[in-house]
Every structure is written in structure tokens, then in C-alpha cells.
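FYI, side chains are in, hydrogens and waters are out, and symmetry mates aren't considered; it's all heavy atoms of this structure. Atoms within each ligand, like the ligands themselves, are counted from 1 in listed order.
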Amino acid sequence: MTDVLISGAGVAGPTLAWWLRRQGFRPTVVERAPALRDGGYKVDVRGAALTVLDRMGLLDQVRRRDTGMRLARFVDASGTQLATMDAALFGGREGDDVEVLRGDLARLLVDATRDVEYLFGDSIAALEPAADGVDVTFAGGGRRRFDLVVGADGLHSTVRRLAFGPAAAHLRPLGHHIAICAVPAEFGEERVELMHPAPGRSVGVYRTAGAPDARALFLFPSPVEEPDHRDLPAQRAALARAFEGAGWRVPELLAAAADAPDFYFAPMSQVRMDRWSTGRIGLVGDAGYGPSPASGQGTSLGLVGAYVLATALAEAGGDPVAGFAAYERRMRPFVEANQRLAERNLAGMVQSSAARIRFQTSMLRLMPRLPGRERMIRRVTEPIRRAAGAITLPDAPAAAR
Ligand SMILES: Cc1cc2nc3c(=O)[nH]c(=O)nc-3n(C[C@H](O)[C@H](O)[C@H](O)COP(=O)(O)OP(=O)(O)OC[C@H]3O[C@@H](n4cnc5c(N)ncnc54)[C@H](O)[C@@H]3O)c2cc1C
């Protein structure tokens, strides 16, 4: 039996484990966090990724966890409503798409792989490739040999660093930073995304159906000096500088962010690599081709990538190099189509001037009465829909006995 070590129990890792297990592989998942965290920020699943969930028999359960968002409400510096937008359009959502909390999706996927060995609270410290396997040293001190190792450990992948070198060579910054954290429920309106756009920066607060708290999301130009990723006070100070003088409830939100236990602060970056494997080591999801939160497609790429990789490895029998090569051939055009969405989306999320904000919100106000409304909406949703479906999925392999 082929032993596969997967690093990361996010979205791509457990999905890969599910499909590999079904093919008669023996996956083990190592996850740095000591336990799964529920909730988190909301993510979209659309296009081919819905087919993958359907083939796993999980689509209905995912749909039942939909965030139920109804509306985006744009407000000015005094809190006055400028415009509203149907949530189905916000982020380019269409009829069949699902929006769930990332943590809820990860938990569902981990629960669906109860027959897989999970090692929580550990991570890979060293990889030594050999002709017939990879010797793995764990941070916790253990040593084991695996036939294959796959990094599904996200944007700052350890497997990528160990097998392909420093992160800087593979990360392409998009010029903006994102900060996100939980804030008290009273900042939000249930199932509404409140948006306060300002020139060059934007703040949103949303509360999903039944959530005990709200979530604040800040988008702003990347600071000239990037604070160290372990230095939370420096990150909070950089965020406060980026929103100096901002109106609406931004000062209160910044104060809440200063106390938030789950504060996340990072450059919006894409992972761009010439190849996603070397010998018996490969990458899947954000680790290999993270499209950035601005694309809205990272979750879908992780689900589809895991499925395509498992299928390719199964088809290649005992030849991992051929399996990884087939995976990359099938996935690369799909990845590129989805990565292309990020910059266009970002331009819509952060407007460069007050005039552009006025134009955007006036168009939204007028939209219900405009002739050609359907065509304008399609101009927004069509590129996302096309990219999300830009792959012909291989047939689901028959389960191995
Ligand atoms: C603020 C924000 C908003 C987003 N919004 C959207 C959206 O609207 N739509 C969308 O599709 N996507 C969105 N994304 C992106 C989406 O979350 C990712 O693209 C998706 O989760 C990728 O799945 P993954 O499994 O590849 O990586 P992740 O979900 O990041 O999972 C990686 C896992 O690896 C673990 N890990 C990390 N390092 C190690 C290590 N050394 N050893 C072991 N385990 C490790 C992590 O703890 C984590 O569990 C957003 C991301 C962020 C940060």
C-alpha cells in the first residue's frame, strides 16, 4: 500500500486524503494546529468544486451550512447608506454557488475522513528524499518514511519551503494587505455585509446567520515596511496607520481589532510556481497555487486540485512522477484562469478615488431601473463563472477494493 503524508488539514488536505483513501492509498495528515478551529471567515465554493463535493456525497451538508448572507450595504463616513447590493451579486455569486465558513468546511471534510490517521499539533521539520521514498522528521521528534509527501499547508507552506526554497521566490504580492478578525456582534447586522469604501482603502463587517460575533475585514495598500509576521503589536500599529482619519465606526473597529484573539494580517499574495512537484514531493491548494483571497477561488482550487491529484496518482499506478505530471497538465490552465480574477476583483473591492466610489455606489443605486441591467450583472459574474468551470474533471475513479 502506498503511504502518503499530507501536510495540512485545511480544505485541500482532507479532500486529498478522502480521494486517496478511496483508491487504496494510505494517507496520513499532519496538522500544525492542536485542533480544528470552527468558523473563521466565509469562503465561496463554485463551479467544478461543487461537482467534487457532490461526488464525495457532501454537497447537501455543505449547502446546509451556507452563511445565508442576503445583502451588502454600502455606508459613507457618517454611516448613511449609499447603496445596497444583493448578496447573490456581491463577490460574483450565482444561483448554485455556496458560501460557508472555512472552518465549517474543514471540519466537515475531516469528519468525512475518520478512517484516516491525523496527527494534530505536529508538523514536518525535515524532508530527505530517497530513491524509493521520503524520510520525514517531525517537529515533535518522530521520524517516518512515506512513499509520497504532499504539501497542503497553505500560503506559507512548509513543504514548499523545504522542497522548493524560500517563500519570497514564489509569492507574488498584489500591492494590498488584508486584516481580518472577530469583533463583537453589535458591529454587524445579521446576514448583511456592511461596507465602508474610502479612497484606496475599504472596511467591511459581516455577521453570518446565527453567528455569535461579527467579522471585520480591512483592505489597504501594503505598508512600505512589512511588520514581522510574528509581531502582532507592529501589525496592529500598521493597520491603525493605514486607517488614520477614517470615518464611520472604523476607530471603534480598530480598537476591537486590538483585542481580537484571532487577528490575521497578511499581504494579499498569489503563489506562482513553474512546477508543483519534485520527485516524490508535491503541492496542492494554496501551497502550490494560492490565487489570493481577492480571487474568491482559493477554496474551489483546493477542492478541485485535491481531486485531480488523487485521480492522477491513482491512474499512474506506482509512478508518482507520472502522476504529478498528469495532475499539473490538467490543473495548470484552470489555476491560471482563476488567478487572473484576483487583480480585476481587487480593483472593484478598493476604489482609487472618491469620484470612483461615487460612481460605483450611484450605479448600484440606479441598477434596478437601468435598461440592460442583466447584461451589466453578467459582465461581473460571467468571468468568475467561466473561470470556475474552466476544467473538465476526470471521471471519479472506481473505488479500489
Ligand atoms: C481573509 C481571507 C479571506 C478569504 N476569502 C476567500 C473567499 O471568499 N473565497 C475563497 O475561495 N477563498 C478565500 N480565501 C482563501 C481560502 O481560505 C484558501 O484559498 C483555502 O482555504 C485554501 O485551502 P488550503 O487547504 O490549500 O489551505 P488552508 O485552508 O490555508 O489550510 C492549510 C492548513 O495547513 C495547516 N498548516 C500550515 N502550516 C503547517 C505546517 N507547517 N504543518 C502542518 N500543517 C500546517 C494550517 O493550519 C491549515 O489548517 C480567503 C483567505 C483569507 C485568509
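Only the backbone of Ala9 comes within 4.0 Å of ligand 1, counting heavy atoms alone; no side-chain atom from C-beta on gets that close. At a heavy-atom cutoff of 4.0 Å, ligand 1 is contacted by no atom of Leu217, backbone or side chain.
Listed by first and then second residue, the salt bridge (Lys or Arg N to Asp or Glu O under 4.0 Å) pairs that reach into residues 73-84 are Arg73-Glu189, sequence neighbours excluded.
Of the candidates Ala139, Ala152, Gly305, Ala294, the one placing a heavy atom closest to atom 32 (C) of ligand 1 is Ala152. Relative to atom 26 (O) of ligand 1, the option among Val30, Val159, Leu219, Asp286 with the closest non-hydrogen atom is Asp286. The closest non-hydrogen atom to atom 7 (C) of ligand 1, taken over Leu105, Val43, Val271, Asp122, comes from Val43. Comparing Arg37, Arg102, Arg32 by heavy-atom distance to atom 28 (P) of ligand 1, the nearest is Arg102. Residue nearest to atom 35 (C) of ligand 1, selected from Lys42, Glu31, Arg160: Glu31 (by heavy-atom distance). Atom 10 (C) of ligand 1 has its nearest heavy-atom neighbour, among Leu303, Thr299, Val45, Val11, in Thr299.
Summarising the local packing, CD of Glu186 is surrounded by more than 12 heavy atoms from other residues, nucleotides or ligands at distances under 6.0 Å.
Taking every heavy atom of Ile178 and a limit of under 4.0 angstrom, the matching atoms of ligand 1 come to 1 (C). Per-residue contacts place Ile180 under 4.0 angstrom from the following atoms of ligand 1 (heavy atoms of the residue considered): 1 (C).
Backbone and side-chain nitrogen or oxygen atoms of Gly296 are examined, and one is located within less than 3.5 angstrom of a nitrogen or oxygen of ligand 1.
Side chain of Asp44 to main chain of Asp97: no donor-acceptor pair is present (N/O by atom type, distance under 3.5 Å, no hydrogens or angles).
The ring-ring contact (aromatic ring centres under 6.0 Å, His included) test applied to Phe243 returns Phe218, Phe220, not counting sequence neighbours.
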Residues Asp262, Arg215; criterion salt bridge (Lys or Arg N to Asp or Glu O under 4.0 Å); working and verdict: CA-CA 10 Å; Asp262 64 343; Arg215 209 147 284 265; 2.9 Å; yes
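Of all protein heavy atoms, the one lying nearest to atom 41 (N) of ligand 1 is Thr158 OG1, 2.8 Å.
The closest approach between Gly290 and ligand 1 stays at or above 4.0 Å for every heavy atom of the residue.
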